[in-house]
Structures are given as C-alpha cells and as structure tokens.
Novice: 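Dumping the structure here so I can ask a few things about it.
By convention in this document, chain letters (A, B, ...) are assigned in the order of the sequence lines, proteins followed by strands, and residues within each chain are numbered from 1.
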Amino acid sequence: MSTSTEQPVSELAATTLLRFATAGSVDDGKSTLVGRLLHDSKSVLADQLEAVEHASRSRGQEAPDLALLTDGLRAEREQGITIDVAYRYFATPRRRFILADTPGHVQYTRNMVTGASTAELAVVLVDARNGVVEQTRRHAAVAALLRVPHVVLAVNKMDLVDYAEPVFAAIAEEFTTYASELGVPEITAIPISALTGDNVVEPSANMDWYGGPTVLEHLETVPVERDPAGAAARFPVQYVIRPQTAELPDYRGYAGQIAAGAFRVGEQITVLPSGRTSTIVGIDALGESVDIAWAPQSVTLRLADDIDISRGDLIAVTGATPATSRNIEATVCHVADQPLTVGQRVLLKHTTRTVPAIVAAIPSRLVLDDLSQRPDPERLVANDIGRVEIRTAEPLALDAYADSRRTGSFLLIDPADGTTLAAGMAGEAFATDPTTSRTR
Amino acid sequence: MTLVVPEHRRTESPYALSHLDSLESEAVHIFREVAGEFERPVILFSGGKDSIVMLHLALKAFAPAPVPFTLLHVDTGHNFPEVIEYRDRVVAQHGLRLHVASVQEYIDAGKLRERPDGTRNPLQTVPLTEAIQQHRFDAVFGGGRRDEEKARAKERVFSLRDEFSQWDPRRQRPELWQLYNGRHAPGEHVRVFPLSNWTELDVWQYIQREKIELPQIYFAHEREVFARGGMWLTAGQWGGPKDTETVEKRLIRYRTVGDMSCTGAVDSDATTLDAVIAEIAASRLTERGATRADDKLSEAAMEDRKREGYF
C-alpha cells in the first residue's frame with residue numbers, strides 16, 4: 001500500500017517521517033479509525049479493497065469490513081481480534097507515516113509498550129459516550145512512561161452524542177489534567193467520528209464549534225525534529241571499520257547511529273566506560289564527509305588518537321558524559337510469559353552492549369488502573385510494570401530515560417533461551433512522580 | 001561552525017531528516033548490528049530491486065571496507081536472463097562471494113517434484129532452508145517489506161527461526177526501541193529485514209537518489225508475453241504458453257522480479273526512473289496484487305509459506 005495517488009513526482013521529494021502508535025479499548029473504534037485514515041488518505045489500493053470485499057462476502061457480511069485490512073493473521077481473522085502489533089504505511093504529499101497498530105486489550109499492555117517505544121506520537125481513543133475510563137488512564141500512563149513526546153486524545157463516536165461540544169470539552173479537560181500530571185508534554189484533543197469520517201481526514205461540518213486540526217492535519221504538521229543542541233551527544237559504537245588494504249592501511253572508523261544530540265569535527269570526546277579522550281577529526285555520513293551530524297543519523301567517526309575502542313563503548317562529548325554504574329534503578333514492563341523474579345540472572349542489552357546482570361530487587365509493582373504502587377511483589381509476570389534494581393557485571397553508561405529514550409532504555413534477556421523478558425527505562429517512572437504529586 | 005546541510009536532506013527544519021535519510025539510517029544500523037553480533041550472516045540476493053537496494057545499503061554501511069557478508073541466491077531455474085547477467089556482474093564488481101541453491105538440482109535429484117501449475121516459487125523453501133543449515137548461516141538478510149502483504153506487516157526486523165526455519169507469528173519477540181535481540185540457539189537462525197519500514201515507492205525514490213543501476217526488465221520494453229490469470233507472463237521453457245494461450249508482443253515492464261512462471265508484467269511505457277516513479281505513485285494496484293500469481297492462491301498464502309520457512 002502507501003502509494004498515494006495523483007501527486008506530482010516533484011512533491012514526493014523531501015518529506016519527513018512520523019512514527020506513531022494507536023491505542024484504544026476493544027470497542028472504541030480503533031480499527032475503524034485506522035481503516036478510515038488509510039482509506040481517506042487513498043492508501044488502500046484497489047486490489048486490497050477487492051480482497052477485503054471478497055473476504056467480507058464469504059463471511060456473509062454485506063458491507064466490507066475494514067478491520068480485515070489490518071488483521072493479517074489467520075488466528076486474528078478467525079477470532080476477529082488483533083493479537084499483535086502490526087505496522088502500516090501511508091503517505092500524504094507532506095509526510096510519510098509508520099503506524100504501529102497496537103491491540104488495546106488490557107492483557108496486551110506489552111504490545112502498546114512495543115508500539116510506543118519507537119513512536120513520536122500516540123493516539124489514545126475514547127468513546128464519547130463513556131468518557132475517560134480506566135483503560136484510557138492506562139493508555140495515558142503507558143504513553144507517559146514511554147515518554148512519547150506527543151499525545152492525541154481522539155474523542156470518537158461524536159455522532160452518537162449529537163456532536164455536543166460540552167461532552168467533548170469535559171472529556172478533553174479531564175484527560176488533559178490527568179495526562180499533564182503524569183508528565184505528558186503535549187496533548188491535543190480532537191472530536192471525531194471514525195465511522196462517518198468527521199475530523200479524521202476531512203473537517204467536520206457537524207462540529208463547526210471545533211476550530212482545531214483534523215487528525216491527519218495534526219499528524220502532518222506535528223514537529224518531529226528536536227534541536228540536537230538540546231540533548232547531550234551520545235554515540236554507541238556498533239562496529240569498527242578497518243579495511244586494512246594497501247590503499248587504506250591505517251583507516252580506522254567507529255560506525256554507529258547517533259543516539260542523541262550532535263557531533264562536530266574538532267570536538268573533544270570521551271569514551272566510556274574507559275574514560276579515554278580524543279578529538280573527532282572526521283565524520284563520514286554514508287559516503288559524504290560532513291562537519292556535523294546529529295541523531296538519528298548513521299555515521300562513522302574518525303578520531304585523532306589510536307585508542308582502544310570496540311563495540312559496546314559509548315562516545316560522548318567531553319564534559320557532558322553520563323555517569324557509569326553497576327547498579328541500575330529502573331521501571332520495566334515485563335513482556336515474556338515466564339516471570340521475572342528477585343535473584344534471577346539475566347542478560348542486559350543497553351545500546352550495543354550486552355552484559356550479565358542480576359535482578360537485585362523488585363521494590364514495587366505499578367497498578368495501572370490507579371497508578372498505586374504495590375510493594376514487594378517478588379515477581380513480575382507478563383504485562384506487569386514494576387520498579388527493579390539491577391546489578392550488572394560491568395559498569396554501564398546509562399542516561400535517565402527521561403533525558404534520552406535511546407540511551408536510557410534496555411532489554412532484559414533470558415540467557416538460557418534468548419527470550420526478551422522485559423523492556424527497561426532507567427530513572428524515575430514518570431516525569432512527575434504521581435505517587436507523590438497526587439493525593440489519593 | 002556554520003551548519004552545512006546537504007541539499008537532499010533539506011526539509012522544513014535543518015534538523016529533520018528526510019524520510020529517505022531516516023530509512024537509510026535505520027537500515028544501515030540494522031546491517032551493522034548483525035555484523036557486530038553474528039558469526040555467519042548472508043544476504044539473500046536475487047537481482048531484484050529490493051535485494052539490490054539491500055546490497056547498496058550494505059556497501060554504504062561498511063565503506064570503505066568491503067561488505068562482511070556473503071550472498072545467497074535461491075535459483076528457481078526459471079530466471080530472466082537479464083537478471084542473472086546483472087547478478088553475476090554485480091557480484092564480480094564488488095568482489096563478493098555468491099552461493100547458489102538450485103531448485104533445478106533438487107528436481108533432477110528427485111528431492112523435489114515439479115508442480116502441475118509449473119510455478120517453482122513455492123519450491124524455493126527447501127533449497128533455501130537446506131542451504132542455511134549446510135552453510136550454518138546464523139543471520140539471513142531478506143529484502144521483505146512490511147507494506148507488501150498483511151502477514152508481512154506482522155514480521156519483526158529480527159525474526160527468530162527454528163532449525164526448520166519455521167515462523168510462528170504468535171511467538172515472536174516483542175521488538176522494542178532499536179534494541180534488536182539476536183540471541184539464538186545452535187541450529188536456529190535469525191531472518192533480518194532491513195527494509196521492513198520501506199514502501200515500494202521509497203525503494204524507487206532511493207534508487208533514483210542513489211543512482212543505482214537495475215536490470216532492464218524494470219523498464220518498459222517490447223517483449224513476447226501471453227495472458228494468464230489476468231497477468232502478462234513471459235513465454236519460456238517453463239511451460240507457457242499452453243495451446244489455448246496466444247503469444248503477442250507488448251510494451252511492458254516488471255514491478256517485481258521472481259520466478260518467470262508466476263511473475264507478471266504490467267503494460268507500461270515508463271522507460272526512465274522518473275516515469276516509473278510517476279507510474280507507481282498513480283497506480284491503484286499493489287505491487288504483489290498486480291504481479292504475483294502465488295499470492296492469489298488463498299487469503300493466507302503468504303502466511304502459510306512463511307510458516308514453512310519461505311521469506
């Protein structure tokens with residue numbers, strides 16, 4: 001899919017890419033919204049629609065079921081539910097979109113965490129008739145926990161509440177207050193009807209009281225770039241490039257993707273965990289030599305000194321380096337079927353470095369319904385979110401997840417079979433800790 | 001220091017990457033992760049546009065050093081001659097090593113049986129999985145894109161396969177941030193899809209930007225074809241046309257490259273990259289819907305083949 005129609009080639013040139021995730025309860029109309037976005041942005045092509053019509057007819061349905069566009073697996077079609085994250089692609093002349101389509105059911109918290117981990121924006125759906133419910137608060141909490149920079153509250157099914165402004169305003173107010181307290185930096189509330197298409201792609205004639213953007217307009221215009229000067233520069237070394245040929249006997253480049261901030265030729269850098277320093281003498285940005293490069297560019301750095309650097313090391317600008325430690329306090333979302341227990345030996349993957357580690361303590365488990373902390377749960381099971389203390393075999397240069405999603409995140413892996421056990425975020429759970437700022 | 005931003009990277013903000021730069025950066029990161037974590041990776045290379053783009057990205061990821069991977073082609077024996085010529089030229093040009101797993105050899109040895117419909121695409125699975133086991137490849141790069149097909153929309157970038165190369169969509173590892181988990185037991189391997197997030201149009205725009213050479217069958221040319229199942233197929237020794245089918249000369253091009261027996265051509269007068277991109281941008285048919293007979297077999301055809309070890 002994804003090929004938009006009737007747009008001149010010239011306009012396809014320098015668009016940007018937005019990664020976003022959707023979250024919604026089972027009957028909030030998430031599939032309809034996704035179907036509507038794809039359909040109304042002309043991203044569903046004739047043969048796909050034909051396949052959906054054919055499949056709908058063979059199931060005895062009269063109208064094409066747009067959910068069949070997105071439910072890709074046999075089991076999903078058989079059970080009529082979405083069981084796993086799927087990625088969708090569509091485009092407008094202004095932007096390309098990667099949509100992480102995540103199931104909304106509570107037992108799939110791990111799927112929303114997966115989708116939100118790479119998202120720059122999350123769309124939280126609410127049924128206008130029901131308003132903010134527990135599930136809405138869970139979605140807001142996960143978006144806040146994962147530090148998704150932009151959150152859209154889509155108040156759906158406005159057609160079923162007579163397109164009434166006070167209904168929308170009350171829900172928007174309640175959600176914004178709640179999400180702001182969790183530290184969600186930017187919230188945009190939009191009244192929509194996914195079924196009838198109001199304010200999804202086209203502005204609604206039924207809600208002239210609403211002066212804001214449609215969902216698609218907002219997706220097209222929300223800023224995705226951040227000034228790299230605002231973040232400390234981080235470069236996890238992925239691979240050392242040494243051609244060792246007759247023409248290039250001495251070339252030694254450190255390949256990686258800039259995780260945060262920017263690097264400039266001439267800057268002094270420090271390598272962690274060794275603490276050795278050198279100066280950047282060249283930046284190769286996939287074939288061109290540049291003076292400056294910034295996240296998330298994949299580049300190769302060349303240094304003035306021939307110091308010992310290998311995969312797993314972190315290069316930072318001298319004077320703005322993260323502390324290294326063997327003790328990590330973090331929030332984890334448990335994503336595996338086997339539990340995580342105190343004393344368990346695991347592997348911890350942080351950027352390009354994987355080290356043995358031990359789960360030293362699990363001080364609390366977060367109850368997403370009311371954001372209370374249950375002390376000493378002893379173990380975390382699938383979809384649990386909890387605080388953990390981890391001791392690693394080697395020091396790691398970890399940032400707080402609040403400062404850098406890329407260098408503050410990690411995986412816990414079962415050394416026996418390689419299963420990904422948990423998604424970890426170093427530092428405080430929420431931007432404003434709800435357990436201290438909220439009275440309950 | 002003043003900020004120098006190359007022309008192709010210019011968007012509304014000086015710090016925004018164009019979508020092609022974002023996709024390129026992500027794919028290069030994936031190649032380097034595999035190089036850093038696996039012992040015996042291999043790139044599946046068919047001479048089709050997706051594998052050509054993969055190889056181009058690998059060349060950029062490790063420059064000025066050579067690509068630290070070998071290539072593997074699963075040869076159905078029903079190839080377009082232009083594509084095989086291109087494949088061998090590119091392999092030689094970059095000093096790469098190519099393994100070929102031949103479906104014809106399996107048929108000749110009696111290990112595979114020709115299908116009644118003559119298509120050999122589904123027959124690739126056995127030679128592919130046996131080649132992986134025989135060479136003990138632990139990471140196998142494929143050019144699959146999630147936009148191609150809805151079962152592929154569920155595929156991970158790093159996709160663990162058991163010793164039978166089976167894909168179990170319900171037991172996939174969650175993929176979080178850009179932290180790819182490549183742990184696997186001996187005998188298992190990981191399929192890696194660096195173009196997961198690319199669309200057909202992205203691939204073509206990138207080919208244009210990077211001035212990548214392609215086999216000529218991707219551009220409009222006159223060719224002897226016949227109609228079957230709503231597609232134009234090239235006449236050849238693989239069993240077409242049948243008595244009831246008539247060959248005619250048409251101006252066509254291919255959107256995908258695969259086994260001749262099931263890869264259809266589209267009517268086209270697009271002889272340049274600009275024209276191809278304009279044609280795709282206006283198309284009302286997906287790449288696979290327009291050109292792949294084997295995906296029309298059933299609603300879950302791709303999922304079923306992937307479960308067995310196909311890409």
Side-chain angles (χ1 to χ4, degrees), chain A residues 1-7 9 12 14-17 45-48 55 72-75 83-84 86-89 96 98 110 114 117-118 224-228 238-239 241-243 248 251 255 257 264 286-288 291-292 294 296-298 311 335 349 352 405-406 409 411 413 418 420 423, chain B residues 1 3-4 6 8 10-11 13 15-19 21-25 28-29 32-33 35-36 60-65 146-147 150-151 153-154 169-170 172-179 181 183-185 197 199-201 205 274 277-278 280-286 289-290 299-300 303:
Chain A
M1 73 182 72
S2 93
T3 45
S4 306
T5 54
E6 292 148 24
Q7 62 195 42
V9 173
L12 293 168
T15 56
T16 50
L17 191 63
L45 299 186
D47 55 318
Q48 293 172 315
L73 301 175
R74 229 177 235 289
I83 56 172
D84 200 351
Y87 294 87
R88 315 278 161 209
Y89 302 84
R96 299 300 177 94
I98 300 177
R110 57 185 167 189
T114 301
S117 72
T118 52
V224 289
E225 66 285 349
R226 275 170 291 281
D227 181 354
Q238 266 190 296
Y239 193 78
I241 294 176
R242 291 173 62 214
L248 296 163
Y251 183 98
Q257 188 173 26
R264 292 166 181 79
L286 303 182
E288 58 190 326
D291 295 335
I292 178 173
W294 58 91
Q297 285 179 260
S298 278
R311 175 175 169 83
V335 296
K349 180 165 188 179
T352 55
R405 291 172 88 187
R406 194 87 186 238
S409 57
L411 301 182
I413 296 169
T420 299
Chain B
M1 187 178 294
L3 186 67
V4 181
H8 67 261
R10 248 172 230 158
T11 52
S13 151
Y15 301 113
L17 297 188
S18 74
H19 78 280
D21 281 319
S22 301
L23 294 172
E24 179 187 59
S25 177
V28 163
H29 175 252
R32 290 167 170 177
E33 279 299 282
K60 290 185 90 168
F62 301 101
R146 289 179 182 140
D147 82 318
K150 55 190 175 180
K154 301 269 174 182
R170 301 197 74 161
Q172 300 190 85
R173 290 173 180 162
E175 210 146 71
L176 297 135
W177 298 285
Q178 286 79 17
L179 290 167
N181 177 358
R183 308 283 299 185
H184 61 281
N197 288 323
T199 66
E200 183 186 16
L201 195 55
Q205 288 188 275
D274 273 341
I277 289 171
I280 290 167
S283 173
R284 298 300 299 140
L285 289 178
T286 63
E299 200 180 346
E303 180 183 343

Novice: Please round to the nearest 0.5 Å and tell me the distance separating atom CD1 of A:Ile98 and atom OG of B:Ser22.
Specialist: 8.0 Å
Novice: Do A:Arg406 side-chain atoms and B:Gln178 backbone N/O form a donor-acceptor pair below 3.5 Å?
Specialist: no
Novice: So for A:Tyr87, is it side chain, backbone, both, or neither that comes closer than 4.5 Å to the heavy atoms of chain B?
Specialist: both
Novice: Under a 4.5 Å heavy-atom cut-off, does chain B meet the side chain of A:Val224, its backbone, both or neither?
Specialist: neither
Novice: Between B:Ala63 and chain A, which part of the residue has a heavy atom less than 4.5 Å away: side chain, backbone, both or neither?
Specialist: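 Contact with chain A is through the backbone of B:Ala63 alone.
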Novice: Chain B heavy atoms under 4.5 Å from A:Ile413: which part of the residue, side chain, backbone, both or neither?
Specialist: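 Looking at A:Ile413, just its side chain touches chain B.
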Novice: Can you tell which part of B:Arg173 gets under 4.5 Å to a heavy atom of chain A, answering side chain, backbone, both or neither?
Specialist: side chain
Novice: Would you say the side-chain atoms of A:Gln238 pair up with the backbone N or O of B:Gly36, donor to acceptor, closer than 3.5 Å?
Specialist: no
Novice: Backbone N or O of A:Ser409 within a donor-acceptor pair of the B:Trp177 side chain at under 3.5 Å?
Specialist: no
Novice: Identify, with sequence neighbours excluded, every residue that meets salt bridge (Lys or Arg N to Asp or Glu O under 4.0 Å) alongside B:Arg183.
Specialist: none
Novice: Any side-chain to backbone donor/acceptor pair from A:Thr114 onto B:Glu175? Under 3.5 Å, distance only.
Specialist: no
Novice: Ignoring hydrogens, what is the shortest heavy-atom contact between A:Tyr89 and B:Arg146? Give both atom names and the distance.
Specialist: OH-CD, 3.3 Å
Novice: State the NE2-OG1 distance between B:His29 and A:Thr352, to the nearest 0.5 angstrom.
Specialist: 8.0 Å
Novice: Just wondering, do B:Pro64 and A:Ile241 contact through their side chains at under 4.5 Å, heavy atoms?
Specialist: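 In short, these two side chains touch, coming nearer than 4.5 Å.
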Novice: Do A:Lys349 and B:Asn181 come within less than 4.5 Å of each other through their side chains, counting heavy atoms only?
Specialist: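 Not touching, per the 4.5 Å side-chain cut-off.
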Novice: To the nearest 0.5 Å, what is the distance between OG1 (A:Thr420) and CG (B:Leu179)?
Specialist: 9.5 Å
Novice: Taking all atoms of both residues into account, what is the closest heavy-atom pair of B:Tyr15 and A:Trp294, and its distance?
Specialist: O-NE1, 2.9 Å
Novice: Do A:Arg96 and B:Thr199 come within less than 4.5 Å of each other through their side chains, counting heavy atoms only?
Specialist: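 Yes - at least one pair of side-chain heavy atoms lies under 4.5 Å apart.
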Novice: Take B:Glu33 and A:Arg311 through the side-chain contact (heavy atoms from CB on, under 4.5 Å) test and state the conclusion after the steps.
Specialist: CA-CA 10 Å; B:Glu33 279 299 282; A:Arg311 175 175 169 83; 3.0 Å; yes
